[in-house]
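Data block below; observations after.
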There are 2 protein chains.
Amino acid sequence: MTDANAAVQDALASLAASRTVVVPAAERVADRIRAEVAEARLRVGARLPEQALGAALQVSRNTVREALSQLVAERVLIRVPNRGVFVAQPEADDIRDVYSARLVIEPGAIRYGARAADPAALSAVRAAYREGRGAAEVGDWTGVAAANQHFHRDVVALAGSPRLEREMGRLLAEMRLVFQRMPQVREFHEPYLDRNGEIAAMLTDGHVEKAADELARYLVAARDQLLDAYARLPGGTGPATPGR
Amino acid sequence: MTDANAAVQDALASLAASRTVVVPAAERVADRIRAEVAEARLRVGARLPEQALGAALQVSRNTVREALSQLVAERVLIRVPNRGVFVAQPEADDIRDVYSARLVIEPGAIRYGARAADPAALSAVRAAYREGRGAAEVGDWTGVAAANQHFHRDVVALAGSPRLEREMGRLLAEMRLVFQRMPQVREFHEPYLDRNGEIAAMLTDGHVEKAADELARYLVAARDQLLDAYARLPGGTGPATPGR
DNA sequence: GATTGCCGGATCGTTCAACAATCCTTCAAA
DNA sequence: TTTGAAGGATTGTTGAACGATCCGGCAATC
């Protein structure tokens, strides 16, 4: 390939990229709010008034509505008709449901996933475990929590299904909302770090059934620990959406 | 309980019900379009112009946009920025992805589902199989196809997770779009009817691992048969969204 | 005949203003 | 203390308008 052809190829690639970079305003607003929630700057139960949000972000109220609807579809927010949109506040039944879904998806991905024997996918699972180990060694428990999510995300990536990965992303976003109300990050993550390592090792050694069964037991234990802590929260576990 | 108390109770129940019956216009529009697609009156690739739709349904264009966005989030429609919204037209990669997801979720629900041993849930699976058997006996292959979807829906219900059931509903909606392009309903469903019955029997007999593994093989076979037929479609398998 | 450039029309994404409906809070009356 | 009414806030929807984008058709050029 000559230099002239390479230049044309570069220009075409750049043009194609520029065509995909234009992001509609509503999507930008949704991205922004999603990040605010994910980083816990927007707390569970917080109300997002359309008017104020439009003024703050310099977009019209209609655009805000579109963005909020997108996040409602992702279950990050919840819309109460005629009352407003709130950051979702998962309650005990939500936790049970999320774990019921994870209990099928995660061991299922290990046992039946199209990439369950793919060295690259397995390597990502191990890397996520090591990321958590590294964070724990410097006492960065927020980092341990993040790495734990990467671990579970990468387990589901064994499925080789973008659709399933997106749904898992939604479940993990809900888990982050759950943990917003849990100050004791260390308590909920430290006991599972070694278990992540064991599961990763079983996977690497090809013991998929053992790994799947161990992960199922792990998820049951984690769910029960969370439900126990939730039941002891101040203010109890009321409706999933508070008053304004 | 006296008659006067019963009347008050009735009135209160009626009032509570009326509070939940008010459906926002955008949601009614989305429900309407969803049904048109599910019943194949709106074909894959069809374009849905906002203006015309608003005039036809007597709602404003903004309300149409909200409804369309909801269906885009469900993957029933696909939005091409600045060009319009189209009924999604799954291509080969979409089929691969949907099956990769189902290959994890369905056997996973059998193996790890919270309701995998629940007699009522297992009874629903058997009933769906019998529904298909009944439809086949009168040559109603559309009915066989519908019963087949109920079968798979009810397998996933073994998970005991409303979130997972909703996601499965989306995957099944996509399968219906796939089959819109397949005139030979009988060919794609008849071979699997007996297999549905075998899986249901294994479940009833408590052979969950055998049932899960058989379902995985079934899904692989179904996927490969579909991909083979898709490759032979007239017009080939182009981009997932046609021109206007 | 094939390619390129321009123009017009259609319509999408967004904004704005307005209105009806709903809900919540506050205050006064019983 | 309870009930009812009024006021204010805001949500759901409508309609008009405008800028941006895209596509198709037509004419000019090679």
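Both backbone and side-chain heavy atoms feed into the values below; hydrogens, waters and symmetry mates do not.
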Going through the checks in order, is the side chain to side chain contact (heavy atoms under 4.5 Å, CB included) test met by A/Met168 and A/Glu165? CA-CA 5 Å; A/Met168 185 63 180; A/Glu165 286 182 48; 5.5 Å; no
Say whether A/Arg79 and A/Ser69, considering side chains only, have a donor N or O and an acceptor N or O under 3.5 Å apart.
yes
Is any side-chain nitrogen or oxygen of A/Arg47 closer than 4.0 Å to OP1 or OP2 of C/dC24?
no
To the nearest angstrom, the CG-P distance between A/Leu57 and C/dT15 comes to 11 Å
Taking only the side-chain nitrogens and oxygens of A/Arg83, find out if one of them lies under 4.0 Å from OP1 or OP2 of C/dC24. yes
Q) For D/dT14, does OP1 or OP2 lie under 4.0 Å from any side-chain N or O of B/Thr63? A) yes
* NA contact type, A/Val85, heavy-atom cut-off 4.0 Å: base, sugar-phosphate, or nothing? -> nothing
Rounded to whole Å, CD of A/Gln70 lies from P of C/dG13 at a distance of 12 Å
The residue, A/Arg61 or A/Pro81, whose nearest nucleotide of DNA chain C is more 5′ is A/Arg61
With the side chain defined as heavy atoms from C-beta on, A/Asn82 is closest, among D/dT13, C/dT22, C/dT11, to C/dT22
B/Phe86 CZ to C/dT11 P, in whole Å, measures 12 Å
What I want to find out is whether A/Asp31 reaches A/Arg34 closely enough, with some N-O distance under 4.0 Å, to be called a salt bridge.
yes
Whole-Å distance, B/Arg65 CZ to C/dT14 P, equals 6 Å
Between CD of B/Glu66 and P of C/dT14 the distance, given in whole Å, is 13 Å
Here the distance between atom C1' of C/dC23 and atom CZ of A/Arg79, to the nearest Å, is 16 Å
B/Glu50 CD to C/dA10 P, in whole Å, measures 16 Å
With the side chain defined as heavy atoms from C-beta on, A/Asn62 is closest, among C/dT11, C/dT15, C/dT14, to C/dT15
note: B/Glu27, atom CD; D/dG12, atom P; distance rounded to Å ~ 11 Å
Check: B/Leu164 main-chain N/O paired with A/Glu167 side-chain donor or acceptor under 3.5 Å: no
Between the side chain of A/Glu66 and the main-chain N/O of A/Ala30, is any donor-acceptor distance below 3.5 Å?
no
